Amino acid sequence: MAEHEIPGRYLDGFAPILTEVAATGRRLTREEIKARRTLGEQAAEAGLGLRALVVAHLAAARGAWPVGPGSAESTLAALAAVEQAVDAFAEGYERAQRLTVRREEAARREFIDDLLYGRSDLGRLAERAERFGLRLSRAHAVAVAEGEQPYVEGGPVARRLEGEVLARFDSHSILLTTKNGRLLCVAPGDNGEVLDHFARQACAAAEGGRVAIGRPQPGPGGVVQSYEEALAALDMAERLGLPGPVLRAADLLVYPVLARDRQAMADLVQHTLGPLTEARGGAGPLLETLVAYFDSGCVAAEAARRLSLSVRALTYRLERIHKLTAADPADPAHRYMLQTAVIGARLLGWPGQPL
């Protein structure tokens with residue numbers, strides 16, 4: 001804002017103070033400093049620029065500057081008064097700005113909580129979303145990144161990732177935030193490149209980190225649905241030991257289907273794998289053998305390598321499983337039932353957790 005556009009009321013009393021200080025050599029009183037500070041707060045709340053306000057103060061000081069005999073002492077007093085007045089004004093301005101930022105942060109956090117938990121009226125939520133650049137009438141997808149160390153709002157890693165994403169894509173339609181130690185990116189569902197880029201940057205920034213991407217979901221409730229899908233994908237990856245730093249909920253739909261009926265899954269695990277508990281050492285080693293065997297595409301040599309066993313030792317374990325369960329892992333007719341039961345066991349935490 002140009003100097004001449006600064007309303008005079010934000011300079012109220014400034015010139016008379018300088019004139020009196022130049023004549024008497026006194027310093028500003030506590031009440032005068034308080035008044036300058038209050039004017040600074042009001043100017044910040046009005047949205048005026050600090051640079052233009054300082055220029056206006058200096059212009060007013062120039063107009064009230066002492067001249068004539070004995071002006072050296074008056075000049076020093078006036079300079080001290082200008083320093084006090086501008087410092088107090090800037091202090092009030094900055095304090096008001098900090099309060100505004102805190103209010104904005106609180107409003108943003110409240111909006112994010114409502115958005116991710118679906119606790120607000122959807123119509124009202126859509127109205128508030130526009131303030132943060134989201135049009136909830138469109139489909140949105142959510143990517144969730146987690147690392148070995150929690151992400152902190154405003155932390156160096158979160159700031160760097162946000163800068164890298166927003167520097168490349170339209171910041172008006174993307175929301176980045178943290179939640180429960182994870183970093184989230186909300187983007188339009190028709191622009192998968194945003195979340196792909198976010199995932200790459202997040203994995204590169206946090207060694208051992210993992211990113212899950214939910215499916216695009218429409219409407220005001222779409223964000224929370226996609227967010228929950230991404231969280232579920234991270235949970236599945238943890239329980240099942242799924243490979244890869246980037247997980248897509250669309251590729252993991254079979255697991256929620258299997259886990260939907262817990263009792264049926266528990267019955268399958270108990271009926272199919274329960275006999276393994278009779279083995280020496282319990283069911284754990286034999287279950288681990290099945291996991292490695294299925295994960296390696298039923299290639300015995302590869303499964304043995306993953307388990308640090310000889311092929312002979314692995315073959316013995318598979319034969320032991322066949323004998324205990326009456327299901328042969330190498331037989332395609334039995335393989336699907338065994339593999340499904342193995343997935344169910346990992347989802348349910350068996351045998352560590354009772355069914």
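What you see is a predicted model, and the numbers here were worked out from it, not measured in a lab. Side chains included, hydrogens not; waters and symmetry mates left out as well; all remaining heavy atoms used.
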What residues, two or more places apart in sequence or in another chain, satisfy ring pair (Phe, Tyr, Trp, His ring centres under 6.0 Å) together with Phe89?
His57
Are Asp87 and Arg36 close enough for a salt bridge, meaning some N to O gap below 4.0 Å?
no
Non-hydrogen side-chain atoms of Gln42 and Arg9 separated by less than 4.5 Å:
yes
At what distance, to the nearest 0.5 angstrom, does CD of Glu164 lie from NE2 of His197?
6.0 Å
Treating Ile, Leu, Val, Met, Phe, Trp and Tyr as nodes and any side-chain heavy-atom pair under 4.5 angstrom as an edge, say whether Leu347 and Val254 lie in one connected cluster.
yes
Closest heavy-atom contact between Pro245 and Gly209?
CB-O, 4.0 Å
What residue among Ile213, Val211, Val194, Val142 forms side-chain contact (heavy atoms from CB on, under 4.5 Å) with Cys185?
Val194
Look up atom CD in Glu238 and atom CG in Leu247, then write down how far apart they are to the nearest 0.5 Å.
11.0 Å
Got more than 12 heavy atoms from elsewhere within 6.0 Å of CZ, Arg27?
no
Rounded to the nearest 0.5 Å, how far apart are CG of Leu39 and CZ of Arg37?
11.5 Å
Answer yes or no: is there a donor N or O on one side and an acceptor on the other, between the side chain of Ser296 and the main chain of Tyr293, under 3.5 Å?
yes
Within the side chain of Ser308, is there an N or O that forms a donor-acceptor pair under 3.5 Å with the backbone of Ala304?
no
Might you point out which heavy atoms bring Phe14 and Ala60 nearest each other, and give the distance in Å?
CD2-CB, 3.7 Å
How close do Pro285 and Gly281 get, heavy atom to heavy atom, and via which atoms?
CD-O, 3.6 Å
Between Arg135 and His140, the two heavy atoms sitting closest are O-CE1, 3.0 Å
List in chain and number order the residues that pass ring pair (Phe, Tyr, Trp, His ring centres under 6.0 Å) with Phe111, two or more places apart in sequence or in another chain; answer none if no residue qualifies.
Phe132
N-O pairing of Arg306 and Glu302 below 4.0 Å:
yes
Measure the CD1-CE distance between Ile343 and Met236 for me, rounded to the nearest 0.5 Å.
10.5 Å
For Arg317 and Leu309, what are the C-alpha separation, side-chain angles and deciding distance, and is it a side chain to side chain contact (heavy atoms under 4.5 Å, CB included)?
CA-CA 10 Å; Arg317 286 192 181 186; Leu309 296 173; 3.7 Å; yes
Would you say Thr177's side chain and Leu184's backbone share a donor-acceptor pair under 3.5 angstrom?
no
Given Leu318, Leu324, Thr277, the one that forms side-chain contact (heavy atoms from CB on, under 4.5 Å) with Leu286
Leu324
Within the side chain of His334, is there an N or O that forms a donor-acceptor pair under 3.5 Å with the backbone of Pro332?
no
Does a donor on one side chain and an acceptor on the other come within less than 3.5 Å for Glu32 and Gln84?
no
Which value, rounded to the nearest 0.5 Å, describes the distance between Leu176 atom CG and Tyr151 atom OH?
11.5 Å
Start with the C-alpha distance between Thr272 and Val342, add both sets of side-chain angles, then the distance that settles side chain to side chain contact (heavy atoms under 4.5 Å, CB included), and finish with yes or no.
CA-CA 9 Å; Thr272 306; Val342 167; over 6 Å; no
Measuring only between side-chain heavy atoms, which start at C-beta, is Val165 closer than 4.5 Å to Leu161?
no
Decide side chain to side chain contact (heavy atoms under 4.5 Å, CB included) for Lys179 and Arg182; before the verdict, give the C-alpha distance in whole Å, the side-chain angles of both, and the deciding distance to 0.1 Å.
CA-CA 5 Å; Lys179 189 68 179 173; Arg182 300 182 178 98; 5.7 Å; no
Ionic contact status for Glu146 with Arg210, cut-off 4.0 Å:
no
Do Leu252 and Val291 belong together in a cluster built from hydrophobic side chains that touch within less than 4.5 Å?
yes
Show the nearest heavy-atom pair for residues Leu234 and Ala212, with the distance to one decimal.
CG-CB, 3.6 Å
Under a 4.0 Å threshold between the charged nitrogen and the carboxylate oxygen, would Asp196 count as salt-bridged to Arg200?
no
Is Ser226 reaching over with its side chain to a backbone N or O of Gly222, donor-acceptor style, under 3.5 angstrom?
no
Is any side-chain heavy atom of Ile174 closer than 4.5 Å to a side-chain heavy atom of Leu166?
yes
Keeping to residues at least two apart or across chains, list the salt bridge (Lys or Arg N to Asp or Glu O under 4.0 Å) pairs with something in residues 327-336.
none
So, taking the atom named OH in Tyr227 and the one named CD in Gln217, what distance separates them when rounded to the nearest 0.5 Å?
15.5 Å
Pair Glu278 + Lys323: basic N to acidic O under 4.0 Å:
no
In terms of hydrophobic clusters joined by side-chain contacts under 4.5 Å, are Met265 and Phe294 together?
yes
Sub-3.5 Å donor-acceptor pair from the side chain of Glu153 to the main-chain atoms of Thr178, do we have one?
yes
Might you point out which heavy atoms bring Leu273 and Ala345 nearest each other, and give the distance in Å?
CD1-CB, 4.1 Å
Would you confirm whether Tyr93, through its side chain, and Leu48, through its main-chain N or O, come within 3.5 Å as a donor-acceptor pair?
yes
Give the intermediate values and the outcome of side chain to side chain contact (heavy atoms under 4.5 Å, CB included) for residues Met337 and Thr340.
CA-CA 5 Å; Met337 180 181 65; Thr340 305; 6.0 Å; no
Treat each ILVMFWY residue as a node, draw an edge where side-chain heavy atoms are under 4.5 Å apart, and state whether Leu242 and Leu253 are in one component.
no
Is there a side-chain contact between Leu175 and Ile112 in this structure, where contact means two heavy atoms from C-beta onward sitting under 4.5 Å apart?
yes
Val86 with Leu28, same ILVMFWY side-chain cluster at under 4.5 Å
no
